[in-house]
A.B. asks: 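Let me begin by handing over the structure; questions about it come next.
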2 protein chains.
Amino acid sequence: MKGHPMDSICDCNQCELRNVFFESFSDEDLGDICRNKTEFTYLSGETVFREGDLIRYFSYLKSGLVKLFKSDQAGKDQIITIAGPYDFVSLLGVFSDTRHSYSVSVLEDAVLCCIDIESMKEIALRNPGFSMSLMERMGAASTRIIHEGLEIRKRNTHGKVAYILLKFCNEIYGECIFDLPVSRREIAENIGTTTENVIRTLSEFRKEKLIRINGKEIEVLNPAALERISNYG
Amino acid sequence: MKGHPMDSICDCNQCELRNVFFESFSDEDLGDICRNKTEFTYLSGETVFREGDLIRYFSYLKSGLVKLFKSDQAGKDQIITIAGPYDFVSLLGVFSDTRHSYSVSVLEDAVLCCIDIESMKEIALRNPGFSMSLMERMGAASTRIIHEGLEIRKRNTHGKVAYILLKFCNEIYGECIFDLPVSRREIAENIGTTTENVIRTLSEFRKEKLIRINGKEIEVLNPAALERISNYG
DNA sequence: TTAGTGATATGATATTTGTCATATTATGAT
DNA sequence: ATCATAATATGACAAATATCATATCACTAA
């Protein structure tokens with residue numbers, strides 16, 4: 001699946017994300033980026049790229065939600081992280097590898113800004129301030145993923161599920177009521193347990209009135225108690 | 001603990017690591033690095049820096065073995081990774097953060113090459129090729145840590161212990177017989193289980209003649225079987 | 001509509017893992 | 001040498017987790 005290039009190419013000068021990623025840019029460099037970028041829209045369920053595909057773009061998410069994941073030989077997936085607006089879709093390997101080391105697929109309709117990787121390298125090479133801020137931002141993204149992995153690794157199943165629910169509340173949606181963008185199986189693939197354990201744990205949280213469940217809709221009724229469980233209760 | 005600056009400052013021109021980290025350097029830049037770096041030696045058990053300390057250096061390991069770890073409020077440690085020669089000690093946060101987000105201590109007597117962080121930033125800002133190769137190398141380091149975290153997350157205890165033993169064989173020492181540089185507790189802190197489980201699992205591997213144990217000395221007798229267990233047997 | 005498939009849900013059970021107790025061996029300090 | 005402490009080791013048991021079976025529900029395709 002290739003995504004759908006937008007007819008109306010956005011104007012990078014007006015891009016609300018300019019300050020986030022390209023603050024140190026001159027107008028010329030911004031023009032360069034603008035000419036060498038394509039915006040792609042994807043529908044929920046579509047694949048952006050697969051592990052092993054050639055890297056063509058440096059890309060970041062303007063809107064929507066995607067998952068980064070790896071598949072093993074048995075076909076089982078392992079979710080690395082869920083990325084939202086302002087997050088990078090191409091991680092650090094983008095400048096050193098020729099092929100993607102993970103797959104990306106879309107959880108909620110998404111718009112990606114994709115900049116031709118060779119152009120990106122050229123611009124970085126003649127704009128050291130940009131290289132530096134890129135390094136800072138990509139460093140922060142990697143640090144976040146590493147940190148999240150450690151947080152998950154040290155928790156038991158209850159703590160893991162509480163942790164991921166709070167991530168949806170606090171980081172992804174910013175509210176205590178939301179539609180889960182992933183299946184129970186995907187939660188399991190994210191936190192490293194089985195689908196049944198996720199379902200069971202969610203049911204237990206429901207019985208204890210910590211959350212309300214209606215299919216994909218989740219409401220966190222007692223965030224403080226979930227925090228306690230997440231911090232190992 | 002501050003480490004012990006070497007009396008004989010090495011000549012970066014002669015440094016065997018030059019090709020690894022600073023390939024794109026001009027002689028002038030190399031001279032700059034050389035003037036702004038200090039080599040520190042540390043003994044096994046010493047601390048290089050602690051989580052929360054101000055970042056003063058960009059540093060990499062010339063020789064020896066160190067652990068990168070985080071401590072929680074209860075004082076329990078979690079090992080992020082074990083780093084060897086040619087590995088970075090300062091990770092990606094080094095250019096964006098002011099304080100270290102993890103601690104580093106020494107497992108085997110180590111020599112660190114430490115370059116003043118402000119000098120490093122200046123040099124990177126006027127040498128975009130260097131920024132780029134730095135980004136590539138730090139990217140590869142982060143990718144390795146993320147990958148290792150995923151590999152650990154998906155294994156059960158036997159698989160985790162087999163995985164870490166094979167890491168010592170294949171990646172750290174390059175032979176099947178070696179002295180464990182870490183305690184059983186540290187292995188547990190690395191793979192996310194308890195000390196008892198590590199000890200028990202090692203004993204089981206010994207009883208099944210997969211390994212030979214003599215205190216810290218380990219010999220892997222059946223790497224193929226360990227591989228099978230690591231790949232989930 | 002109906003059949004088929006995948007997601008959610010729950011129970012039963014076996015296995016794995018964590019916890020607690022205890023003993024022995026190393027290691028380091030005085 | 002002696003003491004204290006940490007590391008290693010093992011058993012017993014409780015708790016957590018994985019596995020297997022089964023049922024219902026939702027959704028898609030024909």
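Residue numbering restarts at 1 for every chain, and letters A, B, ... go by the order of the sequence lines.
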A.B. asks: Just how far, in rounded Å, is C1' of dT17(C) from CD1 of I152(B)?
C.D. replies: 17 Å

A.B. asks: Which of the following nucleotides, dA9(D), dA18(D), dT17(C), is nearest to the side chain of S203(B)?
C.D. replies: dA9(D)

A.B. asks: Counting the atoms with a prime plus P, OP1 and OP2 as sugar-phosphate, which does R200(A) contact under 4.0 Å by heavy atoms, base, sugar-phosphate, or nothing?
C.D. replies: base

A.B. asks: dA9(D) C1' sits how many Å from N214(B) CG, rounded?
C.D. replies: 14 Å

A.B. asks: Roughly how many Å is it from CD1 in I213(B) to P in dT24(C), rounded to a whole number?
C.D. replies: 20 Å

A.B. asks: Side chain of I199(A), heavy atoms from C-beta onward: which of dT17(C), dT17(D), dT8(C) has the nearest atom to it?
C.D. replies: dT8(C)

A.B. asks: How many whole angstroms separate atom CG of D77(B) from atom C1' of dA6(D)?
C.D. replies: 15 Å

A.B. asks: Would you mind reading off the distance between E217(A) atom CD and dA7(C) atom P, rounded to a whole angstrom?
C.D. replies: 20 Å

A.B. asks: Can a salt bridge be assigned to the pair E189(B) and K76(B) using a cut-off of 4.0 Å between side-chain N and carboxylate O?
C.D. replies: no

A.B. asks: Can you tell me how far C1' of dT15(C) sits from CD of E204(B), to the nearest Å?
C.D. replies: 13 Å

A.B. asks: Nearest to the side chain of N197(B), which nucleotide is it out of dG18(C), dT8(D), dT8(C)?
C.D. replies: dG18(C)

A.B. asks: Measure from the side-chain heavy atoms of N156(A) and tell me the nearest of dT17(D), dG18(C), dT8(C).
C.D. replies: dT17(D)

A.B. asks: Of the options dA9(C), dT10(C), dT8(D), whose atoms approach the side-chain atoms of R184(A) most closely?
C.D. replies: dA9(C)

A.B. asks: If you apply the rule ring pair (Phe, Tyr, Trp, His ring centres under 6.0 Å), what do you find for F40(A) with Y57(A), and how did you get there?
C.D. replies: CA-CA 11 Å; F40(A) 291 103; Y57(A) 302 108; 5.7 Å; yes

A.B. asks: Side chain of E196(B) only, please: which of dT8(C), dC20(C), dA9(D) is the nearest?
C.D. replies: dC20(C)

A.B. asks: Assuming nearest nucleotide by heavy-atom distance, tell me which of R185(B) and R206(B) is located more 5' along DNA chain D.
C.D. replies: R185(B)

A.B. asks: Can a salt bridge be assigned to the pair R212(A) and E217(A) using a cut-off of 4.0 Å between side-chain N and carboxylate O?
C.D. replies: yes

A.B. asks: From NZ of K154(A) over to P of dA16(D), roughly how many Å is that when rounded to an integer?
C.D. replies: 19 Å

A.B. asks: Would you say the side-chain atoms of D77(A) and S71(A) include a donor-acceptor pair closer than 3.5 Å?
C.D. replies: yes

A.B. asks: Looking at every strand, decide which applies to T195(B) at a 4.0 Å heavy-atom threshold: base, sugar-phosphate, or nothing.
C.D. replies: nothing

A.B. asks: Roughly how many Å is it from CG in L202(A) to C1' in dT10(C), rounded to a whole number?
C.D. replies: 14 Å

A.B. asks: Return no unless some side-chain N or O of K216(A) is found under 4.0 Å from OP1 or OP2 of dT8(C).
C.D. replies: yes

A.B. asks: May I ask you to evaluate whether T157(A) reaches the phosphate of dA16(D), defined as a side-chain N or O under 4.0 Å from OP1 or OP2?
C.D. replies: no

A.B. asks: Assess whether a salt bridge exists between E148(B) and K167(B), defined as any Lys/Arg side-chain N lying under 4.0 Å from an Asp/Glu carboxylate O.
C.D. replies: yes

